[in-house]
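In each ligand, atom 1 is the first atom listed, and ligand 1 is the first ligand listed.
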Amino acid sequence: MGKIRRIGVLTSGGDAPGMNAAIRAVTRTAIYNQLEVFGIRHGYRGLIERNFKQLKAHSVSDILQRGGTILKTARCEEFKTPEGRKTAYDNLKDFGIDGVVVIGGDGTFTGARIFNEEYDIPFIGIPGTIDNDIYGTDYTIGYDTALNTVVEAVDKIRDTASAHNRLFFIEVMGADAGFIALYSGIANGAEAILIPEIPDQVKNLKKTLEEGFKRKKSSNIIIVAEGEDEGGAFEIAEKVKSDFENYSIRVTVLGHIQRGGSPTASDRVNASRLGYAAVEALLDGQTSVMVGLQHNEIVLVPFRKAIKQHKDVDRNLLEIADILSL
Ligand code: F6P
C-alpha cells in the first residue's frame with residue numbers, strides 16, 4: 001500500500017447522533033497530519049455517483065453538537081453489485097483517494113469488507129448505529145443518546161400511566177438486538193422487558209403482571225424491543241389483553257425520535273476518539289478493520305469478525321431488572 005495523502009469519509013445506513021462528531025474528528029485529524037479530506041455524500045451511493053466535496057477544517061465547524069449527518073446517509077443496493085463497486089473504485093482512483101473511513105453499522109462494514117477483498121484502497125470502519133449491536137466493540141456511536149431519549153420519553157409515559165392506573169406497552173428500536181430495550185428497561189424501572197435474545201417471554205409476562213396486580217401494582221410499563229420474536233408492542237398487547245380485561249391498556253411506539261437529537265457528552269467524546277483512531281489506523285497501513293472500544297480502550301477488529309459474530313446482551317441484567325421491579 002502506498003503513502004496516504006488523500007482520504008474520503010462517508011456515513012452509511014441509519015444515521016446516529018454523534019456521526020457529525022466523528023466526521024469532524026476524522027477531518028481535523030487528517031488535516032493535522034497534512035492529508036486532504038473529501039466528504040462523500042449519501043453513503044456508498046456517493047462513491048458511485050462521484051458525490052465528493054473537499055472538507056477543510058472550517059467545513060466541520062459547529063457540527064459537533066448536531067444530530068443527523070452533514071454528509072447525508074443512505075442504504076445503497078448498487079454497491080452490493082460487482083459493477084457498483086468497480087465504479088466506486090474507478091471514482092476513488094480518479095480523485096486520488098488512498099483510503100476511506102466509513103461510519104455505520106453491519107451493512108456498511110459488509111460492503112467495506114467485500115470492497116477490500118476486491119480492491120487495494122483501504123477502508124476503516126467506525127461503528128455508528130443506535131442499536132449498539134456490533135460485535136467487537138462495547139459501544140457504537142449514537143447508542144447513548146438514543147438510550148437517553150428513550151429514558152426521558154418513558155419517564156413521561158410513567159407519569160400518565162401512573163395517573164390512570166394503566167398498562168403501557170412501549171416499543172423501542174434496536175433492529176434485531178435488545179440493547180436499547182434492556183438498558184432503558186432498567187433505567188426506567190420497567191415491570192417487564194421483552195427482547196429478541198430471549199424467546200417465549202409472553203408466558204412469563206402474563207405471570208409477572210398477574211403477580212404484580214396481586215401485590216396491588218396499579219400501573220405497569222412493559223418495554224418491547226422492535227425485533228422481539230413474538231411481535232411488536234401492538235401484537236404483544238393484543239396477546240395479553242384478554243387476560244387483563246379490567247385494566248386499561250395503551251401502546252406507544254417511540255419510533256424515529258430515537259434517532260435524532262443532540263448527542264450526549266459520551267457520544268461526542270467517543271465519536272471524537274474513534275474518528276481520531278480511524279485516521280491513525282489508515283496512516284499505520286491498516287485495512288479492512290473497524291476501530292472500536294473495549295473496556296474503554298481503542299481496539300482494531302477485522303470487519304470479518306465484527307460482521308460474522310453476534311454480540312450478546314448481558315442476560316444477568318434481565319434478572320436484575322425482574323428483582324428490582326418487584
Ligand atoms: O439501525 C438503526 C435503526 O434505527 C434500527 O433500530 C431500526 O430498526 C432501523 O434503523 C429503522 O430503519 P429506517 O430508518 O430505514 O426505518
| message | Does ligand 1 come near enough to Gly174 that some N or O of the ligand is less than 3.5 Å from an N or O of the residue? | response | yes
| query | Tell me: protein heavy atom nearest atom 15 (O) of ligand 1, and distance? | reply | Arg75 NH1, 2.6 Å
| query | Does at least one non-hydrogen atom of Gln258 fall below 4.0 angstrom from an atom of ligand 1? | reply | no
| request: With heavy atoms of Ile130 as the reference, note each atom of ligand 1 found under 4.0 Å away. | output: 4 (O)
| note | ligand 1 atoms nearer than 4.0 angstrom to some heavy atom of Glu226 are 5 (C), 6 (O), 7 (C), 8 (O)
| Close approach, Ala175 and ligand 1, non-hydrogen under 4.0 angstrom | yes
| field | Nearest protein heavy atom with distance in Å, relative to atom 11 (C) of ligand 1 | value | Arg259 NH1, 3.5 Å
| Quick one: nearest non-hydrogen protein atom to atom 16 (O) of ligand 1, plus distance? | His256 NE2, 3.2 Å
| query | Can a salt bridge be assigned to the pair Glu78 and Arg45 using a cut-off of 4.0 Å between side-chain N and carboxylate O? | reply | no
| N/O donor-acceptor pair under 3.5 Å between Thr73 side chain and Gly13 backbone | yes
| query | How far apart are the closest heavy atoms of Tyr135 and His310, and which atoms are they? | reply | CD1-O, 3.7 Å
| query | Hey, are Arg166 and Ser248 close enough side-chain-wise for a donor-acceptor pair under 3.5 Å? | reply | yes
| Which residue and heavy atom of the protein sit nearest atom 2 (C) of ligand 1, plus the separation | Asp131 OD2, 3.3 Å
| message | Please report the interatomic distance CG(Leu318) to CD1(Ile186), rounded to the nearest 0.5 Å. | response | 7.5 Å
| Looking at Glu197 and Arg315, does any basic side-chain N land under 4.0 Å from a carboxylate oxygen? | no
| Under the side chain to side chain donor-acceptor pair (under 3.5 Å) criterion, do Ser219 and Asn165 qualify, and how do the steps go? | CA-CA 5 Å; Ser219 66; Asn165 286 353; 5.7 Å; no
